[in-house]
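Every chain is numbered from 1, with letters handed out A, B, ... down the list of sequences.
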Amino acid sequence: MIQRPRGTRDFGPEEMEVRRHFEDMMRKEAALHGFREVATPIFEHTELFTLKSGPGVVEEIYAFQDKGGREICLRPELTASVMRFFISDLTNLPRPLKLFYFGQCFRYERPQAGRYREFFQFGAEIIGSPTPETDAEAIGLAAAILERTGLRDYRIRIGHIGILREMLARAGVSGDAALPILQRLDKKEYPEAEALMAQAGMGREAIDGVIATTQVTGPITVLDGVQGPAGAYIREVYDILQAMGFSNLSVDLGVVRGLAYYTGMVFEVDAPKLGAEKQICGGGSYSLSELFGGEKVFSTGFAIGFDRTLLAIQAEGVEFVRPGITAYVVPVTDSARMRAFQVVGMLRRAGVSADVDIMRRGVGKSLRYASSINAKYAVIVGEKELESDSVTLRDMASGEQSLVRAEELPKRLKE
RNA sequence: GCCGGGAUGGGGUAGCCUGGUUAUCCUGUGGGACUGUGGAUCCCUAGACCCGCGUUCAAAUCGCGGUCUCGGCCCCA
């Protein structure tokens, strides 16, 4: 028997019903917020990702040479692809450009709970707008989607890279020199961060101030003690989100994301029930296009880990109602089979979901099957019904039956 | 890349330590009891020891290697 490749999954009919349900929900919510969907190739030139994340990422992605000798990889994320697409073809669209995507990504990593080699991301980007309103709108979509899924136990933590950058700049460490320090702080490696700051000539007081700031978490009021434009900026983002009706938000200045292209606001969402791999969403404002050869354009985006979000939803026992089918058509005798196919054809043409016995089973077995596929009604067609050009409509939940004229059936079932 | 659990019909499991006839039970699949009425009950049927090598008269059971999986570390764009 051939096994699935490591870290991949098959999805059966039941699971796909659940997945499509939430996928559609996310798409609808994005459209509701004025975002429009894009799709990009599942494989890209490896260079796209080494430009964004450094040469080291090659170790963690599915990278290979194709038959023409090109360096190709399966995409490990979608932001880079969307920005590539934007630079090459979408720069003349009216701004702000609000895009979303849903698709699978691949990473060559050790699988564990909530981590697969093939996984699905939903994400959105707002391109060409550098305002707090933009950041609020991005966080707002992420928050609205999570709210809509029915998930309850999660935390949205908002931070700002500028706050630490300003502190470091005031202490004489600016630009690229700050990057390694931010990376250490992001990983909570405080001794290493302190050493780097001391090396850069920062005083004890300044160092302690920076460390203390990364540990600032809680409601918006924790920003009261933070000076500078970045703090004011986050307050503004927060006020806008509150105006839109989102309250499940907290500030966490320890969200740093030590990557060069993040320019300001950054945020993360995690679902504590998930264990080690509990982050379900991450994003922020960034400037990537110039890395890929375009002009500098400010953007804000985020990505939701679709699989982890579903795991969190399941862990909380959020209910999902299986769609089932409206009608199951049951021919009683062999002579009624043609009639059954006429009826099922008529129903389907009218937009009523309908199925029909194709195993030549008896009425008892067919009703049993109708019940097992969660059919709302059984439509029974036999000699009696043939004579009066009608069918017997049986409500599968109550067991009530009535004789219905065939031409009235679609109308009855659409109610 | 590292550490530790695990893999038995479609799903869930017993058996493994202490090797020995036809591999347990539940559920699900197909058929029947019930040739015009489901969810209950009963009967029948089909269906499994992850792969390879080794030890042994004999391996689901013991040993080695591999694959996959679960939990954690590293990483997490």
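- Counting any heavy atom pair closer than 4.0 Å across all strands shown, A:G364 reaches sugar-phosphate atoms only and no base atom.
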Could you pull out the protein-nucleic contacts involving nucleotides 26-30 of chain B (nitrogen or oxygen on both sides, under 3.5 Å)?
unit_1: B:G30; atom_1: OP1; unit_2: A:R361; atom_2: NH1; d: 3.2

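- Pairing of B:G9, defined by two Watson-Crick or G-U wobble distances under 3.5 Å, is not identified with any nucleotide.
- Distance, A:Y261 OH to B:A77 C1': 4 Å, rounded to whole Å.
- Nucleotides B:C17 and B:U21 are separated by 23 Å at their C1' atoms, to the nearest Å.
- Remark: B:G54 base-pairs with B:C62; criterion is Watson-Crick or G-U wobble with both hydrogen-bond distances under 3.5 Å.
- With rounding to whole Å, A:L386 atom CG is found 14 Å from B:G36 atom P.
- Atom pair A:F119:CZ and B:C75:C1' shows a separation of 13 Å (rounding to whole Å applied).
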- Derivation of the side chain to side chain donor-acceptor pair (under 3.5 Å) call for A:T392 and A:E385: CA-CA 7 Å; A:T392 296; A:E385 289 82 1; 2.4 Å; yes
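- Listed here is the closest heavy atom pair of A:T40 and A:R75: O-NH1, 3.0 Å.
- Rounded to whole Å, the separation between the C1' atoms of B:A48 and B:C26 comes to 15 Å.
- If you measure from atom OH of A:Y328 to atom P of B:G39, you get 15 Å, rounded to the nearest angstrom.
- Distances were taken from every side-chain heavy atom of A:Q401 (C-beta onward) to each of B:G38, B:U37, B:A77; the shortest belongs to B:U37.
- Taking the ring centre of A:F106 as origin, the terminal cationic atom of A:R117 falls outside the region bounded by 6.0 Å and 45° from the ring axis.
- Other residues, nucleotides and ligands place no more than 12 heavy atoms under 6.0 Å from the CZ atom of A:R20.
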Extract from the structure each pairing of a protein N or O with an N or O of nucleotides 71-74 of chain B at less than 3.5 Å, listing the distance.
unit_1: B:G71; atom_1: OP2; unit_2: A:A113; atom_2: N; d: 2.6
unit_1: B:G71; atom_1: O6; unit_2: A:R110; atom_2: NH2; d: 3.3
unit_1: B:G72; atom_1: OP1; unit_2: A:A276; atom_2: N; d: 3.2
unit_1: B:C74; atom_1: N4; unit_2: A:Q112; atom_2: NE2; d: 3.0
unit_1: B:C74; atom_1: N4; unit_2: A:R115; atom_2: NH1; d: 3.3

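- Residue order along RNA chain B, read from the 5' end via each residue's closest nucleotide, puts A:G7 first among A:G7 and A:S53.
- Remark: the A:S371 side chain and the B:G39 base include no donor-acceptor N/O pair separated by less than 3.5 Å.
- Contact record, A:M265 with A:I158: CG-CG2, 4.0 Å, taken as the closest heavy-atom pair.
- Taking CD1 of A:I234 as the reference point, atom CZ of A:F267 lies at 11.0 Å (rounded to 0.5 Å).
- At a threshold of 4.0 angstrom between heavy atoms, the contacts of A:E383 include nucleobase atoms, whether or not backbone atoms are also involved.
- Using a 4.0 Å heavy-atom distance criterion, A:K278 is classed as making no nucleic acid contact.
- Nucleotide B:C49 has no partner under the Watson-Crick or G-U criteria, as no pair reaches both atom distances under 3.5 Å.
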Short N/O separations, protein against nucleotides 45-49 of chain B, under 3.5 angstrom:
none

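- A:G54 comes within 4.0 angstrom of nothing in the nucleic acid, heavy atoms only.
- Using atom P as the reference point in both B:U69 and B:A58, the two lie 35 Å apart (nearest Å).
- Not a single donor-acceptor contact under 3.5 angstrom links the side-chain atoms of A:E59 to the base of B:G1.
- None of A:V330, A:V343, A:V352 except one satisfies the side-chain contact (heavy atoms from CB on, under 4.5 Å) rule with A:V379; the exception is A:V343.
- Separation of atoms CG (A:L90) and CG (A:L93) is listed at 5.0 Å; rounding is to 0.5 Å.
- Nearest to the side chain of A:K384, among B:G38, B:G32, B:G36, sits B:G36.
- Closest approach to the A:P76 side chain among B:A77, B:U37, B:C68 is made by B:A77 (side chain taken as heavy atoms from C-beta onward).
- Applying the side-chain hydrogen bond (donor to acceptor under 3.5 Å, both in side chains) rule to pairs touching residues 301-312 of chain A yields A:R9-A:D307, A:R19-A:D307, A:E277-A:R308, sequence neighbours excluded.
- One interatomic measurement links the two molecules: OH of A:Y62 to P of B:C76, which rounds to 19 Å at whole-angstrom precision.
- One P atom belongs to B:G5, the other to B:G66, and the distance between them is 16 Å to the nearest Å.
- B:G12 and B:A7 are spaced 14 Å apart, taking the C1' atom of each and rounding to whole Å.
- Which of B:G38, B:G36, B:C75 sits closest to the side chain of A:E109 comes down to B:C75.
- The CG-C1' distance, from A:D334 to B:G36, rounds to 13 Å in whole Å.
- Between the C1' atoms of B:C25 and B:G63, the separation comes to 31 Å (whole Å).
- The residue from A:R337, A:R368, A:K365 that alone fulfils the salt bridge (Lys or Arg N to Asp or Glu O under 4.0 Å) condition with A:D357 is A:R337.
- Separation of the P atoms belonging to B:A59 and B:G19 is 13 Å when rounded to the nearest angstrom.
- Legend: salt bridge (charged side-chain N to carboxylate O under 4.0 Å, His left out) pairs involving residues 132-148 of chain A, not counting sequence neighbours, sorted by first then second residue: A:E29-A:R148, A:K98-A:E137.
- Nearest approach of A:A350 to A:K414, heavy atoms of both residues: O-CE, 2.8 Å.
- Across all strands shown, B:G1 pairs with B:C73; the Watson-Crick or G-U wobble distances both stay below 3.5 Å.
- Atom name P, nucleotides B:C2 and B:A77: the rounded distance is 24 Å, in whole Å.
- Here A:E385 lies in heavy-atom contact (under 4.0 Å) with a base.
- Considering only side-chain N and O atoms, A:R394 lies nowhere under 4.0 angstrom from the phosphate OP1 or OP2 of B:U37.
- Applying the ring pair (Phe, Tyr, Trp, His ring centres under 6.0 Å) definition to pairs two or more places apart or across chains, none involves residues 335-359 of chain A.
- Rounding to whole angstrom units, CD of residue A:E268 and C1' of B:A77 are separated by 12 Å.
- Taking OG of A:S402 as the start and CG of A:L393 as the end, the distance is 5.0 Å to the nearest 0.5 Å.
- Under the ring-ring contact (aromatic ring centres under 6.0 Å, His included) test applied with A:F122, the options A:F22, A:F306, A:F100 reduce to a single match, A:F100.
- Nucleotide B:A7 holds its P atom 18 Å from the CZ atom of A:R6, rounded to whole Å.
- Of the candidate nucleotides B:A77, B:G32, B:G36, B:G36 has the atom nearest to the side chain of A:V332.
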